[in-house]
Amino acid sequence: MPDLVAWYRCARLTAGVFLLLAALSGCASLVPQTMGLRDTWPAGVAVQTELGEVPFFPQQDYQCGPAALATTLVNAGAQVTPEELVKLVYIPARLGSLQIEMLAAPRRYSRVSYQLAPRFDDLLREVAAGNPVIVLQDTGVGSITNWHYAVVIGFDYPAGELYLRSGETKRLAIPFTVFEYTWKKSNYWAMVTVPPDRIPVTATEAGYLASIVAMERVSKPHAAIMAYATFLKRWPDNLTASIGLANGRHTLGELSEAEAVLRRAADRHPDSVVALNNLAQTLSDQKRDDEALAIIERAVALGGSFAAAALETRELILRRIKGSK
Amino acid sequence: MGVYMKSATRMICRFLILVMAMLPFQTGQASMIGTDQVNSAAAVQVDRTVVLDYLSRSQTVNELQTLGLDAQAARDRVAAMTDEEVSTLAGKISALPAGADGGLALLVLVVFFIWYFAFRR
């Protein structure tokens, strides 16, 4: 019966096509960003790059966190060893390191840590710009999880590979698909550590400002000043960064520099109680209390959530004026 | 005990926030207003030392200690974190991913072996 044979062949072909489509769409949903790269490669990024100079610290025991962090920190000019970082990021009973601590530790070395947006594009752009990227991977399968930090140091898109400093391997070549599969499970978690005079290429104004403010807490004042100054070159209108720069100068006793920054900030943001308050304080600290009083009156008149601080500053200035007479 | 501890610490935390909201905030140096206050997303200005003190007494440090850290190390580490990061961590240290092991599991390589050659970009 030739009809039956033809029908059978047709059915087999249809089933085959269905299976192939299902498999393809399955792959696309497993590694959606790799599939996205096929359509649009990030503009302005070379398809091939490798940061061969990035140092390598083979991990000891379960300490891939300290090893990965030492890799990017030393690359950013910090003097640090993985052993030192064990004390800052390793949790013995967890046999590992938490993401938050990975972000927090670089601040102690006056380096800015910045968490990237969860995009392959951003990862590639940072590497292409010379910033090695720490990634969190889950190298387990199914319900078995096996969290691991590695550092992406390059890629070769035509060859389909990324290059990582990973564990005890100095240069691990890994296909884009496999990498995305392991990286996806950490919600594409990635971070860079940069010296304060450098801004990550994918940094957003708000995100990077938060990173500097976080660093300022524990870094050296010079580093915070440099970070804010660098930030202001790129985003000159940012009020918080101006406040940060001025506060750093004020801490170091560089009052006239602080005053110049705050005057510019107060000109650009005439309604900022914080800029006026800090300017008044800085003037008063230079024994120019009459000028300071005029400025703080403006701040007090504006009110708002910093009104209490402004009132306190005015009290202080009035006391100083009284004391000098 | 975990549930009771958690609700107890939550109560303490709320109480502290309330207390701090009623207190005028302190600034470190004279009356310069700091960037963390300006940049804070929260309406309440949380005093860092209060948070640290709270943490040092709370379940979180106990948790860190049971995980092998001494109290001083735990406090030092927390000092480098933002308020947001501290609150993300509180009570969840055992549940969050901790990057540890090196290398790729063999199984992953096997699963992707064929796929690699078929769809490697």
Quick one: of [options], who has the most non-hydrogen atom pairs under 4.5 Å with chain B?
options	value
A:T145, A:N278, A:L37	A:N278
A:E216, A:R108, A:M102	A:R108
A:L88, A:L136, A:V218, A:T313	A:L88
A:L164, A:L239, A:V274	A:V274
A:S97, A:G96, A:S272	A:S97

Using heavy-atom distances under 4.5 Å, tell me whether [X] contacts chain B through its side chain, its backbone, both, or neither.
X	result
A:I243	both
A:N277	side chain
A:L103	side chain
A:V89	backbone

| Gap between atom NZ of A:K184 and atom CZ of A:F120 - 0.5 Å precision |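 A:F120 atom CZ to A:K184 atom NZ measures 12.0 Å (nearest 0.5 Å).
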| request: With side-chain contact (heavy atoms from CB on, under 4.5 Å) as the test, would you mind laying out the steps for A:V151 and A:I134 before giving the verdict? | output: CA-CA 4 Å; A:V151 183; A:I134 300 177; 4.2 Å; yes
| Can you find a heavy atom in the side chain of A:L316 that is under 4.5 Å from one in the side chain of A:Q281? |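 A side-chain contact exists here, since the closest heavy-atom pair is under 4.5 Å.
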| How far apart are the C-alpha atoms of A:N146 and A:T139, what are their side-chain angles, what is the distance that settles it, and do they pass the side-chain hydrogen bond (donor to acceptor under 3.5 Å, both in side chains) test? | CA-CA 5 Å; A:N146 188 34; A:T139 57; 2.6 Å; yes
| Basic-acidic side-chain contact under 4.0 Å: B:D70, A:K87 |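 Looking at B:D70 and A:K87, the cut-off is not met.
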| Are B:E85 and A:R107 ion-paired here, with the side-chain N under 4.0 Å from a carboxylate O? |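 Here B:E85 pairs with A:R107 in a salt bridge, since their nearest N and O are under 4.0 Å apart.
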| Derivation and outcome, side-chain hydrogen bond (donor to acceptor under 3.5 Å, both in side chains), residues A:H250 and A:D285 | CA-CA 9 Å; A:H250 186 275; A:D285 291 342; 2.7 Å; yes
